[in-house]
Amino acid sequence: EPEVTQTPSHQVTQMGQEVILRCVPISNHLYFYWYRQILGQKVEFLVSFYNNEISEKSEIFDDQFSVERPDGSNFTLKIRSTKLEDSAMYFCASSEVDLWFMNTEAFFGQGTRLTVV
Amino acid sequence: GQQVMQIPQYQHVQEGEDFTTYCNSSTTLSNIQWYKQRPGGHPVFLIQLVKSGEVKKQKRLTFQFGEAKKNSSLHITATQTTDVGTYFCAGRVTGAQKLVFGQGTRLTINP
């Protein structure tokens, strides 16, 4: 069964450092998303990406965040200068079509646990 | 902004008992999805509801979408230990791509 893969599974970084979280969405999917989940809390939307541009972003997704699809298969989330409060599980997700369509689901990756120290 | 509230936050039941989690949105939704997250795992899609008043069943799971499309529920009949996990509802409003997740209901089961 096709799946969304994320690397690394765990990333520890020092405050102020830049990190890049990587994702390989399911190959025929067109919509890509990043969500995060602070330990024990709900899943929060960060950004959606379609046709090589951001289609929607949340208030969390400020100037320190950026996304890129560098090579047609990878989808990356960059955090420029990490803060302690960026520590969370970051989930990449993809969907074949817009989630508006009936019975369309978002497939989530296993997540990258980011720890900022 | 749009908020999705989910109750209860925790539910502990004996195996074989029923379980229900409720989801309420501050705004009318275009659709609502339900996800299950096992401890240490990632959200896994269960179902999507689109129509007002819709009811869908998956074996022992029954999902409902309210008439006003602002609330939803998930009911599990005769829980089994494999049902353990956190159940999230996630709502979407017209024109938006993001899913707004509820806080989740963490279900634990006594065998």
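Chain letters run A, B, ... following the sequence lines, proteins first and then strands; every chain starts at 1. These numbers come from the heavy atoms of this one structure, side chains and all, not from hydrogens, waters or symmetry mates.
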Using heavy atoms and a sub-4.5 Å threshold, report which of residues 78-89 of chain A line up against chain B, by residue number.
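Hits under 4.5 Å: none found.
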Aromatic contact, [X] with [Y] (centres under 6.0 Å):
| X | Y | value |
| --- | --- | --- |
| A:Phe108 | A:Tyr33 | no |
| A:Phe75 | A:Phe49 | yes |
| A:Phe91 | A:Tyr35 | no |

Heavy-atom nearest pair, A:Thr115 first then A:His10, reads OG1-NE2, 3.1 Å
Looking only at heavy atoms, the pair that brings A:Ser95 and A:Ala106 closest together is CB-CA, 4.3 Å
Compare all side-chain heavy atoms of B:Gln3 with those of B:Met5 and state whether any distance is below 4.5 angstrom.
yes
Please examine the side chains of B:Leu61 and B:Lys59, heavy atoms only from C-beta on, and report whether any two atoms are closer than 4.5 Å.
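Sidechains of B:Leu61 and B:Lys59: no contact.
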Test of understanding: clusters of I, L, V, M, F, W, Y form through side-chain heavy atoms closer than 4.5 Å, transitively. Do [X] and [Y] belong to the same one?
| X | Y | answer |
| --- | --- | --- |
| B:Phe19 | B:Phe63 | yes |
| A:Phe107 | B:Leu99 | no |
| A:Phe65 | A:Ile54 | yes |

May I ask you to name which of A:Gln110, A:Gln41, A:Lys57 has the most heavy-atom pairs under 4.5 Å with chain B?
A:Gln110
By number, which residues in residues 78-91 of chain B have some heavy atom less than 4.5 Å away from chain A?
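If one takes a 4.5 Å heavy-atom cut-off, the residues of residues 78-91 of chain B near chain A are B:Phe88.
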A:Gln37 versus chain B, the contacting section by heavy-atom distance below 4.5 Å:
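Contact with chain B is through the side chain of A:Gln37 alone.
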Check whether B:Gln9 gets within reach of chain A through its side chain, its backbone, both or neither, counting any heavy atom under 4.5 Å.
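Interface part for B:Gln9: neither.
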So that I can tick it off, tell me whether B:Lys56 and B:Glu54 are bridged by a salt bridge, with the cut-off set at under 4.0 angstrom between side-chain N and carboxylate O.
yes
